[in-house]
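Every heavy atom of this structure was used, including side-chain atoms; hydrogens, water molecules and symmetry mates were not. In what follows, chains are A, B, ... by sequence order, proteins preceding strands, each numbered from 1. All values derive from a computational prediction rather than experimental measurement.
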Protein chains: 2
Amino acid sequence: MIRVLIADDEDMIRTALAALLRLEPDIDVIAECRDGAEAVEVATRLTPDVCLFDVEMPGMDGVDAAAVLRRTVATRIVAVTRHARPGVLRRALAAGVHGFMPKSRRAQDVAEVIRQVAGGRRYIDPEVAADALADERSPLTDRELDVLRAGAGGETIAQIASTLHLSPGTVRNHVSSILGKLHLRTRQQAAIEARERGWI
Amino acid sequence: MIRVLIADDEDMIRTALAALLRLEPDIDVIAECRDGAEAVEVATRLTPDVCLFDVEMPGMDGVDAAAVLRRTVATRIVAVTRHARPGVLRRALAAGVHGFMPKSRRAQDVAEVIRQVAGGRRYIDPEVAADALADERSPLTDRELDVLRAGAGGETIAQIASTLHLSPGTVRNHVSSILGKLHLRTRQQAAIEARERGWI
DNA sequence: CTACGGCCATGACAGATGTCATGGCCTCGC
DNA sequence: GCGAGGCCATGACATCTGTCATGGCCGTAG
C-alpha cells in the first residue's frame with residue numbers, strides 16, 4: 001500500500017484528487033494539507049511514501065517544502081503545477097523532487113506517476129522536459145531578476161531601490177539593461193514576460 | 001438521470017471532476033470541453049440538463065459562453081471559478097447563470113449543486129454572496145476602467161491613447177483620476193488592484 | 001597578470017508620466 | 001432651464017523613467 005500525502009491550497013482539486021486516489025486499490029491517502037508549511041509538519045510526523053505537492057501554494061510553496069523535506073524525511077516527492085515553465089521545472093529539480101507533472105495532464109495519470117515514483121523511479125513529464133531542454137536560459141543576471149521581482153507589483157524605482165538597498169540610479173541601470181536584452185519598452189512588460197517564462 | 005457537460009481548460013481538474021461525477025448514480029457526464037466556444041457548440045448539439053463552466057478559460061470564457069447559451073439553449077448553467085470576487089459573481093449573474101461556486105469548495109459539493117440547479121433551484125455560494133453584498137462597487141467610471149484595461153499589460157500612455165482613439169493628455173487625465181481615487185502611485189498598481197477586485 | 005563580466009554608482013539628458021487648471025460637449029435628474 | 005457629472009481635450013509644470021557614458025570594485029577564466 002502506497003501511503004500518500006496531498007498538498008494543494010485549492011480545495012476542489014485537492015479533494016477531487018484525494019477521492020480519486022482513494023479509489024485505487026494500492027494507494028492510501030493518509031493526509032491532505034493546504035500549504036507548504038503544514039505539509040512539511042505533517043510529512044515529518046507521518047513519513048508518507050509519496051508527497052504530491054502543488055507548486056503554487058501561499059507562503060511556503062511546494063518547491064520550498066520539497067527542498068526542506070528532502071533533507072529531513074525519507075519520502076519521495078511529486079510536484080504538480082499549473083505553470084509548467086522550464087524555470088519551474090529547473091527549480092523543482094534543484095529542490096530534489098522525484099516526479100514533475102503539469103496540471104494539463106489527466107487526473108487519471110496521477111496514480112500512475114505516484115506508483116512510478118514510489119517504485120524508486122523518476123518521472124518528468126515529457127512535454128515539459130522537451131520545452132526545458134529547447135528553451136534557453138534567462139539572459140538576465142541574478143541582480144536584474146531581483147530588480148524585476150522587486151518591481152513586479154508596479155512599484156516605483158525609488159521603492160525598488162529602497163527594498164534592495166541600492167541607489168535609484170543603479171536600479172535604473174539594471175532596468176535599462178533588462179529592457180535592452182528583452183527588446184521591451186517598460187519595466188512592467190519585462191515583469192510580465194519574466195513571469196510568463198518562469199524566470200521570477 | 002442528469003445529463004451534464006463540463007468545460008474547463010485545465011485537464012487535471014476537468015477529468016477529475018468528470019470521473020467523480022460519473023460515480024454518482026443520478027449524474028451522467030455526456031461531454032467535456034476545453035473552452036467556451038467548444039462548450040457552446042457542443043451544448044447546442046447535445047442540450048445537456050446542466051453545464052458546469054469554469055469561468056477562466058482562454059478565448060471565450062465561461063461567463064461569455066453562459067451569456068450566449070442562455071439565449072439559445074434550454075440548459076441550466078453552473079459557473080465555477082478560482083477567483084470568486086464580487087465582480088466575477090455579478091458578471092456571472094448578469095449572464096444568467098443558475099449556480100455559482102468557487103473552487104475553494106470541496107469537489108464533493110459539486111454533485112449536490114448540480115442536483116439543486118437541475119431541480120430548478122438556484123445556488124450561490126454563501127461566502128461569495130456575502131462578500132458581494134458587503135463590497136462596494138468600483139469607484140471608477142467606465143472610461144477609467146477602459147484605460148486601466150488598455151494599460152494592464154504594461155503598455156505606454158501613447159499605446160493606450162492609440163488603442164482607445166484618445167489623445168495622450170486625456171489618457172493621462174483618466175490615469176491621474178484613477179490614482180487619486182485609489183490612493184495609488186502608478187498605473188500598474190491600479191491595474192493590479194482592479195484585477196484583484198474583479199473590476200476588469 | 002590581464003581581460004572580461006557582474007555589480008554598484010554618478011551625472012547628464014530626453015522623453016514619458018502624473019498633476020493641475022481650464023474649457024467645451026453631452027446627458028440625466030430636478 | 002440649470003446644475004452635476006461623465007467625457008474629451010489642451011497647455012504648463014514637476015517628477016519619474018530610461019539611456020548613455022564613465023568609472024570603481026571584485027571574482028574568475030585564460
Nearest whole angstrom, please: distance from the [atom2] of [N] to the [atom1] of [X].
X	N	atom1	atom2	answer
Ile178(B)	dT19(C)	CD1	P	11 Å
Ile160(B)	dG18(C)	CD1	P	8 Å
His174(B)	dG6(D)	NE2	C1'	9 Å
Asp142(A)	dC8(C)	CG	P	11 Å

Sorted by chain and residue number, the side chain to side chain contact (heavy atoms under 4.5 Å, CB included) partners of Glu127(A) (sequence neighbours excluded) come out as Asp125(A)
Taken in chain and number order and not counting sequence neighbours, the residues that satisfy side chain to side chain contact (heavy atoms under 4.5 Å, CB included) with Ala37(B) are Asp35(B)
Given protein heavy atoms under 4.0 Å, the one-letter contact record of nucleotides 18-30 of chain D, with B base, S sugar-phosphate only and - none, is simply BBB----------
Salt bridge between Asp109(B) and Arg106(B), side-chain N to carboxylate O under 4.0 Å?
no
**Report entry** Carboxylate-amine/guanidinium proximity below 4.0 Å for Glu112(A) and Arg121(A)
**Finding:** no
Of all heavy-atom pairs linking Ala152(B) and Arg195(B), the shortest is CB-NH1, 3.8 Å
Thr141(B) and Glu144(B) have their tightest heavy-atom pair at N-OE1, 2.9 Å
Look at [X] and [N] and indicate whether a side-chain polar atom (N or O) is within less than 4.0 Å of OP1 or OP2.
X	N	answer
Thr141(B)	dG6(D)	no
Thr156(A)	dC16(D)	no
Thr170(B)	dA9(D)	yes

(request) Carefully, step by step, assess Ile2(B) and Val50(B) under the rule side-chain contact (heavy atoms from CB on, under 4.5 Å). (result) CA-CA 7 Å; Ile2(B) 306 173; Val50(B) 177; 4.0 Å; yes
Between its two end axes (five pairs each) the helix from dC1(C)-dG30(D) to dC30(C)-dG1(D) turns, nearest 10 degrees, through 30°
Residues in residues 143-151 of chain A with a heavy atom under 4.0 Å of DNA chain D, by number, are none
Discussion item. If you count heavy atoms of other groups shown closer than 6.0 angstrom to CZ of Arg82(B), is the number above 12?
Written reply: yes
**Message:** Donor-acceptor pair, distance only, cut-off 3.5 Å: does the side chain of Thr75(A) make one with the backbone of Thr47(A)?
**Reply:** no
Applied to residues 48-64 of chain A, the salt bridge (charged side-chain N to carboxylate O under 4.0 Å, His left out) test, sequence neighbours excluded, yields Asp54(A)-Lys103(A), Asp61(A)-Arg91(A), Asp64(A)-Arg91(A)
Against the side chain of Leu166(B), the closest entry in dA9(D), dT17(D), dA9(C) is dA9(D)
Rounding to 0.5 Å, atoms OG1 (Thr186(A)) and CD (Glu155(B)) come to a distance of 8.0 Å
